[in-house]
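Report on the following structure.
Here is how names work: the chains are called A, B, and so on, in the same order as the sequence lines, proteins then strands, and each is numbered from 1.
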Amino acid sequence: MTKPHKYTASELLAILAARQLKDGQVVFAGVGVPLLAATLAQRLHCPGLTILFEGGVIGAFVEPGQLPPSTNDQRCTKRANMVLGSAEVLLLLQRGYVDVGFMGGAQIDQYGNLNSSFIGDPDHPKTRLPGTGGGNDISSLTNMIVAMKHEKRRFVEKVDFITSPGFIRGNNTRAESGLPQGGMFRVVTELAIFSFDDVTKRMKVLALNPGVTREEVQDNTGFDLVFNGQTSVTEPPTERELSTLRMLDPDRLFTA
Amino acid sequence: MTKPHKYTASELLAILAARQLKDGQVVFAGVGVPLLAATLAQRLHCPGLTILFEGGVIGAFVEPGQLPPSTNDQRCTKRANMVLGSAEVLLLLQRGYVDVGFMGGAQIDQYGNLNSSFIGDPDHPKTRLPGTGGGNDISSLTNMIVAMKHEKRRFVEKVDFITSPGFIRGNNTRAESGLPQGGMFRVVTELAIFSFDDVTKRMKVLALNPGVTREEVQDNTGFDLVFNGQTSVTEPPTERELSTLRMLDPDRLFTA
Amino acid sequence: MPKRKKRPARQWRRARPMNVIQDTVQPYNVLRENLARRDRSLREKVVTLEEAASFVNDGTTVGIGGSTMSRTPMALIWQLIRARKKKLSCSRCIISTDGDLLLASGVSDHIVSSWFAQGILWGLSKVMRHHIEGGHARYDEWSHMAIGMRFRAGAMGVPFMPMRSMLGSDVAKRRPETKEIDCPFTAEKLLLVPALNPDVALIHVQRCDAYGNAQIDGLQFMDIDLAMAANRVIMTTERIVSNDQIRRAPDQTKIPFFCVDAVVEVPFGSAPHECYGVYEPMLDHLEAYVKQVNSDPVGGMQKYLDDYVYGPKDWNGFLSKIGLDELVAASRRGRSIYDD
Amino acid sequence: MPKRKKRPARQWRRARPMNVIQDTVQPYNVLRENLARRDRSLREKVVTLEEAASFVNDGTTVGIGGSTMSRTPMALIWQLIRARKKKLSCSRCIISTDGDLLLASGVSDHIVSSWFAQGILWGLSKVMRHHIEGGHARYDEWSHMAIGMRFRAGAMGVPFMPMRSMLGSDVAKRRPETKEIDCPFTAEKLLLVPALNPDVALIHVQRCDAYGNAQIDGLQFMDIDLAMAANRVIMTTERIVSNDQIRRAPDQTKIPFFCVDAVVEVPFGSAPHECYGVYEPMLDHLEAYVKQVNSDPVGGMQKYLDDYVYGPKDWNGFLSKIGLDELVAASRRGRSIYDD
């Protein structure tokens, strides 16, 4: 069961992200890998996981092969416990009903700040990205797990623009900015799993993915990573994880 | 059709109150005579009258003989256009969707302020009345028609307590208090119909009810009423008004 | 005239001072920590009425669902009285005979509401007058919308809501908990009302599943905001349905399971008040009640408590005392809302 | 590669200055007077798509219902383009291919939203990038909840809502319309976001009556607040039902008739997007669209407008170009939400 199987980078990402969730949690999941990973967790070790979607869904139970193209589509509501307004579902974050926010990311920095708005000067951007959506609300109001591709241009020292706040400039700057609750909890990539230093709030390596070296992670990161003695190595995906994932996304919509 | 018929004081009150409403208006009606009068108007000259109830009802169409015991009962919703939350229906007043607020009153003063909270010193009240309910919200946010019994102890120079604001202390004091919209429009009693002076905002007699003299109205009022040359005499209830009213309230729940 | 029994001493204690917890806004971190500690997982939480009442601690703040004589969580209130709860501070948008019961039994000495009498049909409540005018209990009056905005702020996780009524009135003058401001955007006068996050909410619904996913038919009053605002929710329901039934129409769920901490199935759980589409108010019983207690707000009330609350073996015993004829008639009228 | 047609001049005008009307809070008296002038009586208001679009004036602010690819009032947007409307400032919680169409057609030069691309499946919108990066139009970014709170403040008739996100981020720094305050109750930092009361809202629903009483199935997004906030509402509906049907289940009415100024029956009125329970998105059409416009955001887009918007005789003509096969398949998938 622990012998290596063939899998793609995005399959690994989805599976490792799913493992971060605990049964009984309430998780606010973004579309793509987070939605898929939360659904996977629900089918594996978290049968009592409550999945929320930004479109206005509580307690979703997405059907295999019927992954929605956004979190605002009717597919998100199939066999859900509740459908409500989208301001209302976001307010659940503010009130505190949500344990974990679970999102993808385009660009992240050493304090876990995410950018999905602008590449370059916001007044004259090189690239206008889509923007925050619910990302800013989720990351402002709850504990975050981010699943994203690990590339040097995506892991930068300082994001061009803080769309979704992590720990802002580290230490207590997040709370001082008016965000006393939540913050980055984990970042999951195809190379490693990261957490954040309790005091400085800088990103640190928690575990390396199977077959990945410290150097490989550092080489693909645009800032100095914190390593400490406890860095472990993650168990590779199991056959059950892989087969369940492939059953959920047979068309490889989010695991190409 | 205009020859006099026998009717009770509360029947007269309901009929004269109903006549104040215009077709096409949106009226927020309190329980008792206002509910009955609005329903009567809807059956007579205002088929397109939209009646709102505080319990959370839009476009009610109350059935004859099925008058609700409060505006929070299911009877209010029978054949309504919409049922919604009670904060939501009150917010319609604040947003401005309502033309007329239509209430009863326990005590009123010369500026149209209503008291339904305390008789005597509020810290050591002689009588603790039920309180505002939606009365304060309705009178703060829209134009008011009040239907009430005409007694000297109810028509006082200054109410013990302003539960539902009229024109506060007259002139511009209402707007200066933060209530730039609405205000007292009409007071209807079994003796007369009153409006308010455009400038001073003091109560004035608009029309006397059939057979009522100026002196009789003044004698039953605890402050000096404004009379001007245009005081007219109201047409007595018609047979159609009376028969429709009695069809609506056959048990004389609100027209005893 | 009914015999005046000796009333328990707790009924006579003086009203509590102004700074009770219903008047103060809970700091955000406290609200969040309370919520983080709740078990919000998808789990069955069906208990008995007795167990449910045991979750309400003396001296806490209680939000009551429904309005006036509609969807009042009467069985829960009845059980709180039997369990001899004390010093509850109770908020409800409009409070009716349930307020009489809470004060006269000594369960509550503080009511936060916009209107307090038995019902418009019966004039003033002599029971309320006895307790409030006598200084045995406090009744804090807010406008109806203000109660709604306070629950809404609580539900949204913000410390206040801005509003445009109560300004200029003596209702606002007697509520130092409010703040009048000049709007930073428009310079208009606004009233800020503080969030109300009761320790526990009592809510009665037509149906919910064993997890607490609730459907509410017809008038919903302020129950949704109240449920989201409260730190705990105890829900009674006319009927427990399957989670499958809930999931077939998720847009009909009005309160999500994770704000609900206990579920009790109590048919006729709002009696003698109404439950939309199920039964109308039991007016014969209520009229007899009003006559008895308004003619003697102490002894008459005590007799009612003895006969109808302390006396019966269980809730069905209370319903038996209302009588089958009235239950059947009220049910027939209740269902008639769907006759069209 | 499609031939680049000469694009109309209006498409090239520069973005308007910062103080457009969507950024400013309307004074209460102005809001009230606008509303007092509306005919809110119970009256039939069924019009054609052409008439409905004629109610939208150039240079006004437009709130768009639905979200992303769901219940987008696409037929109305399509008709606004055909009517060559100009300089509309458009707000929507999440804007998708409708945003492309609005910018590229020259109908809008200002988008207020939280997210703007064609859909998560397709990466960035090259059409959006062309117009925004080129300075031809403005895209003001707010958090998703902030858009909701702005509509909610507008719906409630208050000038702002307090909230706890956006703080500390650059999203807030780029929005001088917001105000950061220390809470007068708790001294906590809060962000106040200004009310948004669009001149007109465009909303598509599953069914409503001729008066505008609307039922919305499934995801309602921010449509209820938007309808209450707007100064006018134009509603398209899959189906017009009788007022009797509405009155039989008044607790299913989500938008009351008196906020609605025009009703148009347009089957498939959200195509190629989805309408909950009726049809899912028409992804073959959308994928072809995205491929065409992202490979050539000017010429490809112009060709799409010519072929699919200006070209067809009427809305059914547009649907014919999507094709019967895709409409039937989307409808089959749409209804499957109710198969359980």
Side-chain angles (χ1 to χ4, degrees), chain B residues 30-32 54-57 66 69-79 83-88 90-91 93-94 113 115-118 122 124-141 159-165 168 173-174 176-181 253, chain C residues 66-70 93-94 96 113-117 119-121 124-125 128-129 132-133 135 139 141-149 151-152 163-174 180 188-191 218-225 274 276-277 280-281 283 334 336-337 340:
Chain B
V31 79
E54 197 176 331
V57 181
Q66 300 287 319
S70 87
T71 51
N72 296 285
D73 287 72
Q74 69 171 33
R75 287 187 183 188
C76 297
T77 71
K78 192 80 186 285
R79 297 196 61 69
V83 168
L84 69 174
S86 32
E88 281 74 13
L90 290 160
L91 285 167
L93 292 157
Q94 186 164 275
N113 301 304
N115 176 18
S116 56
S117 300
F118 297 97
H124 304 282
K126 185 170 157 292
T127 309
R128 184 48 161 119
L129 302 171
T132 152
N136 177 283
D137 304 309
I138 301 168
S139 69
S140 295
L141 296 166
V159 287
D160 291 340
F161 188 90
I162 301 181
T163 306
S164 301
I168 316 277
T173 52
R174 179 183 166 96
E176 286 161 10
S177 300
L179 306 175
Q181 292 283 324
L253 199 62
Chain C
S67 180
T68 325
M69 294 191 292
S70 294
C93 51
I94 290 181
S96 167
S113 188
S114 74
W115 198 88
F116 187 171
I120 197 89
L121 296 174
L124 308 184
S125 162
M128 179 273 266
R129 289 191 56 192
I132 305 301
E133 293 168 15
Y139 161 31
E141 179 179 341
W142 298 74
S143 86
H144 196 180
M145 191 164 77
I147 299 278
M149 294 302 98
F151 286 141
R152 179 153 298 176
M163 52 181 278
R164 298 185 189 272
S165 64
M166 278 177 65
L167 290 160
S169 74
D170 291 329
V171 181
K173 289 204 183 75
R174 276 185 78 78
E180 201 177 298
E188 295 156 356
K189 267 198 176 55
L190 294 169
L191 192 76
L219 297 159
Q220 66 191 44
F221 306 113
M222 298 176 182
D223 288 22
I224 297 171
D225 282 329
E274 87 169 20
Y276 192 101
E280 280 202 346
L283 289 178
S336 74
I337 197 81
D340 273 358

Among the options Glu180(C), Met69(C), Met128(C), Lys173(C), pick out the one with the most heavy-atom pairs lying under 4.5 Å from chain B. Met128(C)
One option among Thr71(B), Leu129(B), Asn115(B), Thr173(B) has the most heavy-atom pairs under 4.5 Å with chain C, and it is Leu129(B)
Quick one: do Glu274(C) and Arg75(B) make a salt bridge, cutoff under 4.0 Å? no
If you tally heavy-atom pairs under 4.5 Å against chain C, which of Ser139(B), Gly134(B), Pro165(B) wins? Gly134(B)
Can you give me the closest heavy-atom contact between Ser140(B) and Ser165(C), atom names plus distance? CB-CB, 3.7 Å
Taking every heavy-atom pair that is under 4.5 Å apart, which of Gly178(B), Gly32(B), Ser70(B) has the most such pairs with chain C? Gly178(B)
I'd like to know if the side chain of Glu133(C) reaches the main chain of Arg128(B), judged simply by a donor and an acceptor atom lying under 3.5 Å from each other, with no hydrogens or angles considered. yes
Would you say that Val171(C) contacts Phe161(B) through its side chain, given a criterion of any heavy-atom pair below 4.5 Å between the two side chains? yes
Does any heavy atom of chain C fall under 4.5 Å from the side chain of Pro180(B), the backbone, both, or neither of them? neither
Region of Met149(C) that comes under 4.5 Å of a non-hydrogen atom in chain B: side chain
Locate the shortest heavy-atom distance separating Gly168(C) from Ile168(B); write the atom from each residue and the value. O-CD1, 3.5 Å
Backbone N or O of Met163(C) within a donor-acceptor pair of the Gln94(B) side chain at under 3.5 Å? no
Structural part of Glu176(B) lying under 4.5 Å from a heavy atom of chain C: backbone
Heavy-atom pair of closest approach, residues Thr132(B) and Ser143(C): CG2-CA, 3.9 Å
With chain C, which of Gln181(B), Arg79(B), His124(B) has the greatest number of heavy-atom pairs at distances under 4.5 Å? Arg79(B)
Which heavy atom in Ile120(C) sits nearest to a heavy atom in Pro69(B), and how many Å separate them? CG2-O, 2.9 Å
Are any side-chain N or O atoms of Asp137(B) and backbone N or O atoms of His144(C), one a donor and one an acceptor, separated by less than 3.5 Å? yes
Applying a strict 4.5 Å limit to non-hydrogen atoms, the region of Leu219(C) in contact with chain B is both
Test of understanding: with side-chain contact (heavy atoms from CB on, under 4.5 Å), list the residues that count as partners of Glu88(B), not counting sequence neighbours. Leu84(B), Arg152(C)
What part of Ile94(C) is in contact with chain B, defined as an atom under 4.5 angstrom from a non-hydrogen atom: side chain, backbone, both or neither? side chain
Tell me every residue that passes ring pair (Phe, Tyr, Trp, His ring centres under 6.0 Å) with Phe116(C), counting only those two or more places apart in sequence or in another chain. Tyr139(C)
Need one label for Met222(C): side chain, backbone, both or neither, based on atoms under 4.5 Å from any heavy atom in chain B. both
Could you tell me which of Ser70(C), Ala117(C), Gly148(C) has the largest number of non-hydrogen atom pairs under 4.5 Å with chain B? Ser70(C)
Smallest heavy-atom separation, Ser169(C) atom then Thr163(B) atom, equals CB-O, 3.9 Å
Heaviest contributor of heavy-atom pairs below 4.5 Å to chain C, chosen from Thr77(B), Leu179(B), Val83(B), Asp73(B), is Asp73(B)
Mind checking whether Leu253(B) and Leu121(C) have side chains closer than 4.5 Å, heavy atoms only? yes
Options Glu141(C), Met166(C), Arg129(C), Glu188(C), ranked by heavy-atom pairs under 4.5 Å with chain B, top entry: Glu141(C)
Interface residue of largest heavy-atom contact number with chain C, from Ser164(B), Cys76(B), Pro122(B), under 4.5 Å: Pro122(B)
Among Asn113(B), Asp160(B), Val159(B), Ile162(B), which one satisfies side-chain contact (heavy atoms from CB on, under 4.5 Å) with Asp170(C)? Ile162(B)
Closest non-hydrogen atom pair between Leu167(C) and Ser177(B), with its separation: CB-O, 3.3 Å
Do you know which of Gln220(C), Glu280(C), Lys189(C) has the most heavy-atom pairs under 4.5 Å to chain B? Glu280(C)
Testing Asn136(B), Leu93(B), Ile138(B), Leu141(B) one by one against Met145(C) for a side-chain contact (heavy atoms from CB on, under 4.5 Å), which residue passes? Leu141(B)
Take Phe118(B) and Arg174(C) through the test side-chain contact (heavy atoms from CB on, under 4.5 Å) and record every step on the way to the result. CA-CA 12 Å; Phe118(B) 297 97; Arg174(C) 276 185 78 78; 3.8 Å; yes
